[in-house]
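These values consider heavy atoms only, across backbone and side chains, with no hydrogens, waters or symmetry-generated copies. Just so we're on the same page: letters track the sequence lines, and every chain starts at 1.
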2 protein chains.
Amino acid sequence: MTIVDVARHAGVSTTAVSKVLRNAYGASPAMRAKVHRAIEELGYRPYAAARGLRGKTYTIGVMLPDIRNPFFPDILDGLTDTLRDTDYHVLLGPSCDNEKDEGKLTDAMVDRGMDGLVLIAPVMSRTRLDRLATTIPTVVVGRHSRSAHYDTVTDDDTAGAALVVDHLADLGHRRIAHIEHHETDPARLAEMPNAVRADGYHRAMRARGLAVDIVSTSYTQEGGYLGAQQILARPERPTAIFAGADIVAMGVLTALSEAGLTVPEDISLAGYDNTSFAALGPISLTSVDQAGHHIGTDAARLLLQRIADRTRPAAQVKLAPKLVPRRTTAPPRP
Amino acid sequence: MTIVDVARHAGVSTTAVSKVLRNAYGASPAMRAKVHRAIEELGYRPYAAARGLRGKTYTIGVMLPDIRNPFFPDILDGLTDTLRDTDYHVLLGPSCDNEKDEGKLTDAMVDRGMDGLVLIAPVMSRTRLDRLATTIPTVVVGRHSRSAHYDTVTDDDTAGAALVVDHLADLGHRRIAHIEHHETDPARLAEMPNAVRADGYHRAMRARGLAVDIVSTSYTQEGGYLGAQQILARPERPTAIFAGADIVAMGVLTALSEAGLTVPEDISLAGYDNTSFAALGPISLTSVDQAGHHIGTDAARLLLQRIADRTRPAAQVKLAPKLVPRRTTAPPRP
DNA sequence: GTGAAAGCGCTAACAA
DNA sequence: TTGTTAGCGCTTTCAC
């Protein structure tokens with residue numbers, strides 16, 4: 001079942017069918033109707049793989065660091081909701097949290113002729129990111145970099161971290177530890193959301209005259225578990241922990257519970273992302289909302305615009321985070 | 001940068017390059033070496049979209065019902081671990097939990113020339129599933145159907161449900177409610193894992209002479225929340241709840257917590273899937289382990305075999321679930 | 001507004 | 001073992 005069959009069935013040329021399929025200029029209403037009827041009657045579906053050879057594949061690729069992090073589905077929902085009424089399909093790569101896997105995945109997506117990419121918090125070098133974006137329309141989410149070739153959607157992570165520090169400090173906490181996602185590359189130190197968040201914590205603490213206490217693990221449940229264990233092994237225990245992501249806070253809860261500590265009586269805990277798990281009754285985690293759905297919507301919109309016009313100036317959308325206080329934060333024991 | 005450039009650079013024919021790329025028969029070691037060097041030097045990458053037009057795209061599509069359900073990443077890990085050392089790439093569709101979205105996504109995957117599909121708990125009709133599997137190598141995960149055209153990997157949901165019921169009954173519970181994922185289609189009633197799980201509960205309860213109490217919502221956090229609210233509104237409250245999935249149990253916990261009930265003192269709770277959240281310290285949910293990673297490994301292996309030989313007899317792999325008792329289940333109040 | 005014809009990059013017959 | 005050649009299904013000039 002090909003375009004040739006449709007053309008024959010409708011009594012027109014293959015060119016005509018192609019034009020109708022693409023809503024291209026140069027097909028009369030009568031022709032469109034004929035072709036559409038033929039498509040209907042034959043149950044024809046264009047073969048995207050073949051379209052890609054000359055035109056577009058109507059496919060958008062999404063890369064994310066960790067499918068287990070419940071924040072990313074929010075972004076995905078925003079993306080798919082926006083793309084639902086278009087001809088585009090979204091295809092997701094499996095989690096990849098290192099430069100090598102990222103390279104493999106983005107290569108694979110380019111090789112499959114995808115029309116555009118949404119990269120969520122990519123760790124690849126700025127050079128590579130830039131090169132990629134000149135190859136294929138790209139929107140970068142979360143990473144605080146700026147390029148002429150790709151659009152970005154970010155949340156103000158500096159402000160978000162300050163929100164948490166201020167909240168805890170206002171409650172009376174003086175010793176507030178932070179668990180961050182380990183970042184050594186100096187170039188990425190200024191760009192990755194986790195690094196900016198840690199920097200925001202740093203600034204906010206110093207602005208209050210408080211001593212900085214950072215533990216480096218990763219933005220995973222295990223990272224939170226291990227980070228909390230390190231913190232609990234300290235001679236002087238902090239009275240509050242600011243986990244860089246809700247998923248980290250989940251692991252922290254396990255470690256605290258195993259240590260026989262209760263939240264917020266023994267120690268306060270705040271997360272980041274305001275995922276659906278933060279709202280869970282028995283957890284009720286204080287967190288920072290960065291409106292994942294909205295991020296996804298913006299990313300999709302920007303990508304569609306960039307696909308339509310690859311020369312348009314790059315846009316930087318920056319969203320403002322919001323603190324959502326819940327039951328895991330309270331004044332420290334007197 | 002095409003195969004022609006590589007051929008010219010290596011001083012061989014395009015066929016030779018093609019053969020080397022595919023590890024096909026008919027290329028001398030000397031030729032392979034020459035071609036590989038040319039590929040290296042030119043930084044050539046085959047264009048998968050074009051390969052798909054004649055041969056394969058080296059792409060495997062995965063469809064899952066809900067990206068928010070933390071059980072599915074386990075399966076995905078098993079899949080990607082197994083596929084990592086092959087030439088195949090895994091691409092995931094966005095969540096789709098209804099027949100229409102499933103149809104759109106599988107169509108899109110077929111249209112993109114994917115070499116094989118892994119469908120996790122698909123809800124589409126058996127006819128459609130069968131037709132799909134004759135079009136493209138397919139492995140179905142979780143669904144208890146049998147076909148000559150696709151392989152299946154399932155867990156013994158009947159036994160798993162019985163494990164939970166027996167555990168609770170042995171603790172002394174008599175009134176055990178079950179929250180299931182709503183299923184009306186009579187054909188799917190015997191095939192979907194959620195339906196089989198509910199049926200297993202049914203049988204196990206009756207075998208013990210206990211009264212069945214089923215609430216139908218969905219396998220989501222919200223489904224658990226709403227289901228628990230319905231259960232709590234009963235004149236006579238059950239002493240234990242068996243949630244059909246861990247993600248459901250998460251929602252149940254919220255509802256119980258809002259109602260001022262404690263677990264397991266006021267009410268026992270068990271989930272299913274043994275996700276990483278079940279092991280979380282403050283949650284510590286009794287659950288049923290169905291070895292998601294193993295399921296993924298088997299699915300990948302079966303799919304590779306089916307891609308290699310589409311006529312091979314269909315295999316049905318059935319795994320055995322295991323109960324993981326934790327702190328949310330205890331004897332009822334006297 | 002419409003259609004004929006030339007590829008897109010690759011694979012697979014087939015011939016050498 | 002190697003190379004020549006004809007497409008895969010679609011889009012895109014470029015005539016008409």
When you measure from the side chain of H9(B) to the backbone of D5(B), do you find a donor-acceptor pair of N or O atoms at a distance under 3.5 Å? no
Would you say the side-chain atoms of T311(A) pair up with the backbone N or O of D309(A), donor to acceptor, closer than 3.5 Å? no
Any base atoms under 4.0 Å from [X], or only sugar-phosphate, or nothing? Heavy atoms, all strands.
| X | result |
| --- | --- |
| G26(B) | base |
| A49(B) | nothing |
| S28(B) | sugar-phosphate |
| A24(B) | nothing |
| V4(B) | nothing |

Salt bridge check, [Y] against [X]: does any charged N sit closer than 4.0 Å to a carboxylate O?
| X | Y | result |
| --- | --- | --- |
| D298(A) | R301(A) | yes |
| R84(B) | D77(B) | no |
| D107(A) | R131(A) | no |

Answer yes or no: side-chain N or O of T15(B) and base N or O of dA12(C) forming a donor-acceptor pair under 3.5 Å. yes
Toward the 5' end of DNA chain C, which comes first, A48(B) or K19(B), by nearest nucleotide? A48(B)
Where the side chain of [X] is concerned, which of [options] is the nearest nucleotide?
| X | options | result |
| --- | --- | --- |
| S13(B) | dG3(D), dC10(C), dA4(C) | dG3(D) |
| M31(B) | dC10(C), dT2(D), dT11(D) | dT2(D) |
| L53(A) | dG3(C), dT2(D), dC8(C) | dC8(C) |

Quick one: is [X] getting a side-chain N or O under 4.0 Å of the [N] phosphate, OP1 or OP2?
| X | N | value |
| --- | --- | --- |
| Y44(B) | dC10(C) | yes |
| T2(B) | dG9(C) | no |
| R51(B) | dT11(C) | yes |
| R22(A) | dC10(D) | no |

Whole angstrom is fine here: how far is it from [atom1] in [X] over to [atom2] in [N]?
| X | N | atom1 | atom2 | answer |
| --- | --- | --- | --- | --- |
| I3(B) | dT11(C) | CD1 | C1' | 8 Å |
| R45(B) | dC10(C) | CZ | P | 11 Å |
| D115(B) | dC10(C) | CG | C1' | 14 Å |
| K34(A) | dT2(C) | NZ | C1' | 10 Å |
| R54(A) | dA5(C) | CZ | C1' | 11 Å |
| I39(A) | dC10(D) | CD1 | C1' | 13 Å |

May I have the step-by-step check of side-chain contact (heavy atoms from CB on, under 4.5 Å) for M1(A) and Y47(A), ending in yes or no? CA-CA 10 Å; M1(A) 177 65 49; Y47(A) 191 58; over 6 Å; no
Between A30(B) and A50(B), just flag the one whose closest nucleotide in DNA chain D comes earlier from the 5' side. A30(B)
